[in-house]
Every structure is written in structure tokens, then in C-alpha cells.
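Each residue takes its place number in the sequence, starting with 1.
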Amino acid sequence: METIGRDLREMQRIPLAPEHIAAIRAAGTRTHHAKGAMLAEIGTPADRFVYVEQGEIEVVNPFTGQRMVPSMLGPGQYMAEIALLSGGSWSMPMRAAEDTVVTEVPRHEMLRLMAAIPEMSDIIITVLAARRRRQLDTGDGLLVLVGEDIDRAIRRVAEFAARNRVPYRSYPVGSPEAARVATSCGTGAEAPMVVFGRDLVVTDPTPEKVARLLGLDQNLPEEDAFDVLIVGAGPAGVAAGVYAGAEGLKALVVDDIAIGGQAGTSSRIENYMGFPTGISGADLVWRGEIQAMKFGTRFVMPRRVAALEELAEGGFCATFANGQRLRAAAVVVATGVQYRRLPLARLADLEGAGIYYAATENEARFCRDGEVVVIGGGNSAGQAAMFLSRVARHVRLLVRGETLATSMSHYLSSRLEADPAITIEYGTHVAELHGGDALTGVTIRNGHGDRTVDTCAMFVMVGAAPNTAWLADLVKLDDKGFVLTGEAAGAASPYATSRPGIYAVGDVRAGSTKRVASSVGEGSVVISKVWEHVYGGR
């Protein structure tokens, strides 16, 4: 299966061309740093690109103060991270290992250079992606979690970090590693905690707090209007972000959870053109995010739009859940759908403690060698069952209907039926949950009666509820809450809603094909109409 970011040992040695270096030197400032000087501190803005002329820069372990990795950045290489594209924060501290001379280019100027010199941009972005891939694989980063296995709040932070491609390390409470972290921070070793860098222990940790520390939840001045606000960062929203940036629109993409949307919860997509060995939904959408950031599109999360209003002078004002307001000339709704919550007693109590709505590496860790239940008959449920069968002892797929033929791709249903680690039960649903602090079993009901099975995890991937409550007073919805577009909304464009300037793409649009490829296509095509609305009359 393909992943983004080629091997760092290969990529970090690819040199920039002489003309690229000349452009960097012309745009930057030559600076001298004495041995031991810090060039980047954890959590500070990644606001510049640093090209090494002489000397050596090393990555520092924030807990020991020692060099973290054997390799270093020498002459001809550069200090930068993916956060350079988004305006986020440094994820690793870096210092001069000896007297060092560098050329520093401010972020905005470097983005201009990358847009003007695509060959240089390709090299830099590929290296930055490889660096982030290495961090994800090794867990090197500024975020350390202790007690993820027993604390639900910390598990929510872990899910947020994993889905947003933020590297982190996770240790069980009482482990030697947790004790070393606690000693470094001056805290107790037997308590769950979230540590940012070395000195900051995050009290009452939430994804929102961690996002602010990481620079993901950026400050957006209310007077700073955008051409287009894209609500939702799934395949449709990210595709819209790519094309909006490419067409010169000032675009902002927001999501209340993470990049990837529902597709980001899929461990493997095999029927998307161009990836014959498959690709995870998270990796697919992350490629798009990097591509969009290269064109200047901004991403902010977690950020939920609580209300949207049309302004008398034209355009729209979005009010976020945190009270902040933002103006945009046009809005693209790409909020997708969410799996329905089953009407079961104690469901909320056990969510995140055995009941999950995503099947990724993050959740699979808690299913190793156990019995797992997956509920649903669509492609997402099938992909989850196949993925989990690689780690669980047995996977039980529960389907309300009598066949998978009408809801699942044939290639996938055939694999499920042939896998000895998977049992498919038709005409079946879960009637009751069992367990104290965590799920330990479920009662399964079908035409033959009830029976209870032990399970360590239940994955709910059934139904599709659109996220449109915040839109109800502005655009027409169908009886299920999906956004009406095109003729059904009295609009000329197939993606235009009943309110000029608001467009809907992807799964949230009534009548759309619920597939990743279709969502990407709609997000790409809609931008031409957005551009006409924003600039066509000027």
C-alpha cells in the first residue's frame, strides 16, 4: 500500500539546483549562529526557511538536551518542516552544533519563490513530506502522551493527533518511559498526562488545547476576509482547497475534527484511480492538503462553524463555536456525513472505550488478538473488517440486510467472504452493550433470538447523517437533511444551492454518489463557479 513521503535517507540528500540556491540567497538574509544557539524552539512559529551555507544544525531531544537523530543538516541542506506551508509551529527543537552560517528566507517570501519555481518546490515539498513521514514512523515530536490506554481524554488527543498527521509518543502509566517523562517535567509518574515539549504539562487536555499549541488552530483576524470559506476537510473540501489555491483564490479550509473526513477513517482504499496497491484515506487526503498549502490555501482545525449568515453588503459571515467570526465572499459546504449513533443504552459511556467510528492504526492497537464486531454493510465497514482481521483474532461483520451486493463493491465483498478470520452475519443487529469502564461484550439479535458474544471493540459504520444543522435557515435541504443543489434548488449550476454564493459538494449534497473519487471530482469542478461568483462581475 502506498504512503506519502519517500524514505528520508534517500530524500534528504537530493540537492537543490544552483539556480534554486541563487534565488534563495537573493530573497533571504545571511545570518551567523554561534555554536549552541537555538534556531527553532518547540511551539514557536515556523516562519522561515533556513538554508545552511556553512556549519551544522542538529535536532535536539527536548527531554535530554542531546542530539536526537544521528544525522544532521549540513551545507547545501535546509531546516524546514511541513508547518512552513501552513503557518504552523516547529515540532522539533534545532540548534547550531557548531558555528553556522545560514540564509534565512521569511515564510511568505519562500512560498512566493516556491510558487514561481515549481521544480524547486517539488524537491522541497517531497523532502518535507519525507521528514514528517519519518517523524510519524518513529514518534519523534513535541507531543508525549502518558496513559492513552486508560484515559479517554488522552485517547481523544491521540486520535486527533493521528488523524492530523501529528507525530507523538505514547507510553503506558507506570512504564519506565513514562517515569522518565514525569521526572523531566517534575510531575507524578503514576498519572495520565499530556506533555508538550519538555516543560508544559497540558491540564485537562483536549484536542482544541493541543491544536493551539501545535499551531493548527491559528488566529484569524475578523477583518481578514477570504474569497472562499470551505467547510469540511474531507476529499471534497481538500480538493476544493487545491483548485481554489491554484486559481488564485484566497481560500480557508476548516474542519471540526481533522483532515480526511470520513475517508480519513478508512485504512485502505483500493478502487481510487492511480493507486493500484491501495492507499489509506488519511494519506490520500494528506497529499491533497500539502498540495493545497503549496498554492496558498490555509487550513485551520478543530474549528466548527456554528452559524452562517448572509451580509447586507454581500458575502457571508461565519460564526465559529468559539465565538470568532470570519467573512467570505463565497462558501463551499463539504461537511460530508457522519455515522449514525445507535440507539443503545450506555453507548455514550463506552464511546472511545471499546466503541469506535474509525478503523485506523490508532484503534487497531486496542484490538490485538481479540474478538471484534463491525457493524455496517458499506465499503467503509468492509474495509474496516479487512484491516482489523490483520490484528484481531476474529472479526464479526453484522449486516442488517440479507446481502452485500447492493451496498458494497464486489471486489471487497468477495474478499470478506473468503477470509477465514471474518464471519458475516446477515439480518443481525446489536441489541445490548456490556461492560463497566470499557466494552466487554454485546448481545446480538436476529430472527433466531439473542446471544451474547465477548468482544473488546465494536466499530459502528452504519447510516449517513449529513452535517447541515448550521445551514438550515439559509439553503434548501431535502427531507433527510442533505443540501439540495442544481435544478432541485432552482439553481443553474449542479453544485449551486438555493442561496447564490453557497455551494455544496461531496456526500453532503443530495443525490451525490457516495464515493471518494466522486467527492474529489465535485470539489475540483465547483471552484470554477466559485471564481465566477467572486470575480466574474468585476
* Which atom names give the shortest non-hydrogen contact between Pro302 and Glu208, and what distance separates them? -> CG-CG, 3.9 Å

* Fit a plane to each ring of Tyr356 and Phe366, take the angle between them on a 0 to 90° scale, and name the class: parallel (under 30°), tilted (30 to 60°) or perpendicular (over 60°). => parallel

* Compare all side-chain heavy atoms of Ile355 with those of Leu433 and state whether any distance is below 4.5 angstrom. => yes

* Asked: Can we call the ring centroids of Tyr78 and Phe49 under 6.0 Å apart?
  -> yes

* **Distance (rounded to the nearest 0.5 Å) between Ile375 CD1 and Leu397 CG** => 9.5 Å

* To do: State the CH2-CG distance between Trp286 and Asn164, to the nearest 0.5 angstrom.
  => 11.5 Å

* Any chance you could measure Phe320, atom CZ, to Trp470, atom CH2, to the nearest 0.5 Å? => 9.5 Å

* So, is the end of the Lys514 side chain (NZ or CZ) under 6.0 Å from the ring centre of Phe482 and within 45° of the ring's axis? -> yes

* Minimum heavy-atom distance between Pro192 and Gly147, given as atom pair plus value -> CB-CA, 4.3 Å

* Asked: What pair of heavy atoms forms the shortest contact from Thr440 to Gly435, and how long is it?
  -> OG1-CA, 3.3 Å

* Would you say the side chains of Glu363 and Thr360 form a donor-acceptor pair under 3.5 Å? -> yes

* Heavy atoms of other groups near Glu361 CD, more than 12 under 6.0 Å -> no

* To do: Taking Trp90 for its side chain and Pro45 for its backbone only, find out whether a donor-acceptor pair lies under 3.5 Å.
  => yes

* Asked: Is a side-chain donor-acceptor pair under 3.5 Å present for Ser91 with Gln135?
  -> yes

* For the salt bridge (charged side-chain N to carboxylate O under 4.0 Å, His left out) test, which of Arg156, Arg341, Arg152 pairs with Glu351? -> Arg341

* Asked: For the side chain of Arg303 and the backbone of Asp255, is there at least one donor-acceptor N/O pair under 3.5 Å apart?
  -> no

* To do: Check the pair Asp419, Arg390 against salt bridge (charged side-chain N to carboxylate O under 4.0 Å, His left out), reporting the backbone distance first and the verdict last.
  => CA-CA 10 Å; Asp419 194 324; Arg390 305 293 186 265; 3.6 Å; yes

* Contact check, side chains of Thr203 and Val201, non-hydrogen atoms, under 4.5 Å -> no

* **Verdict with reasoning, Ile424 to Leu404, per side-chain contact (heavy atoms from CB on, under 4.5 Å)** => CA-CA 10 Å; Ile424 307 174; Leu404 293 173; 4.1 Å; yes

* To do: Would you mind reporting whether Arg396 and Ile444 have side-chain heavy atoms less than 4.5 Å apart?
  => yes

* **Greater than 12 external heavy atoms within 6.0 Å of Asp437's CG** => no

* To do: Would you please test Arg346 and Asp349 for salt bridge (charged side-chain N to carboxylate O under 4.0 Å, His left out) and show each step?
  => CA-CA 5 Å; Arg346 299 196 63 238; Asp349 295 339; 3.8 Å; yes

* N/O donor-acceptor pair under 3.5 Å between Thr206 side chain and Lys209 backbone -> yes

* Show the numbers, then the answer: is there a side-chain contact (heavy atoms from CB on, under 4.5 Å) between Ile269 and Phe275? => CA-CA 9 Å; Ile269 299 173; Phe275 299 96; over 6 Å; no

* Asked: So, the side chain of Ser380 versus the backbone of Met461: is there a donor-acceptor pair under 3.5 Å, distance only?
  -> no

* To do: Write down the atom of Ala158, the atom of Leu145, and the distance for their closest heavy-atom approach.
  => CB-CD1, 3.5 Å

* Asked: Is a salt bridge present between Arg131 and Glu81, judged by a nitrogen-to-oxygen distance below 4.0 Å?
  -> no

* Asked: Does Arg393 reach the main-chain N or O of Asp369 with its side chain, forming a donor-acceptor pair under 3.5 Å?
  -> yes

* Do Ile259 and Met301 touch side chain to side chain, with heavy atoms closer than 4.5 Å? -> yes

* Asked: Should the heavy atoms of other residues, nucleotides or ligands under 6.0 Å from OH of Tyr171 be counted, would the total exceed 12?
  -> yes

* Donor-acceptor pair, side chain of Ser413 and main chain of Met408, under 3.5 angstrom -> no

* State, with a plain yes or no, whether a side-chain heavy atom of Val483 is found less than 4.5 Å away from one of Pro466. => no

* Minimal non-hydrogen separation, Leu39 against Val50, with atom names -> CD2-CG1, 4.3 Å

* Return yes if some donor-acceptor pair links the side-chain N/O of Ser524 with the main-chain N/O of Val520 below 3.5 Å, else return no. => yes

* Are any side-chain N or O atoms of Arg107 and backbone N or O atoms of Leu85, one a donor and one an acceptor, separated by less than 3.5 Å? -> yes

* Side chain of Ser407, backbone of Gly377: donor and acceptor closer than 3.5 Å? -> yes

* Exam field: side chain Asn467 to backbone Thr335, donor-acceptor pair closer than 3.5 Å -> yes

* Asked: Do Asp507 and Ser519 come within less than 4.5 Å of each other through their side chains, counting heavy atoms only?
  -> yes

* Asked: Is any side-chain heavy atom of Leu398 less than 4.5 Å from a side-chain heavy atom of Val373?
  -> yes

* Ion pair Arg165/Asp283, N-O distance below 4.0 Å -> yes

* **Electrostatic pair Arg268:Glu270 at N-O distance under 4.0 angstrom** => yes

* Step-by-step side-chain contact (heavy atoms from CB on, under 4.5 Å) determination, Val460 to Val374 -> CA-CA 6 Å; Val460 182; Val374 178; over 6 Å; no

* Hey, are the side chains of Val228 and Val331 touching, using non-hydrogen atoms and a 4.5 Å cut-off? -> no

* Working for salt bridge (charged side-chain N to carboxylate O under 4.0 Å, His left out), residues Glu148 and Arg155 -> CA-CA 5 Å; Glu148 178 190 353; Arg155 193 174 293 186; 5.5 Å; no

* Asked: Can you name the closest pair of heavy atoms from Arg163 and Ala258 and give their distance?
  -> CB-CB, 3.6 Å

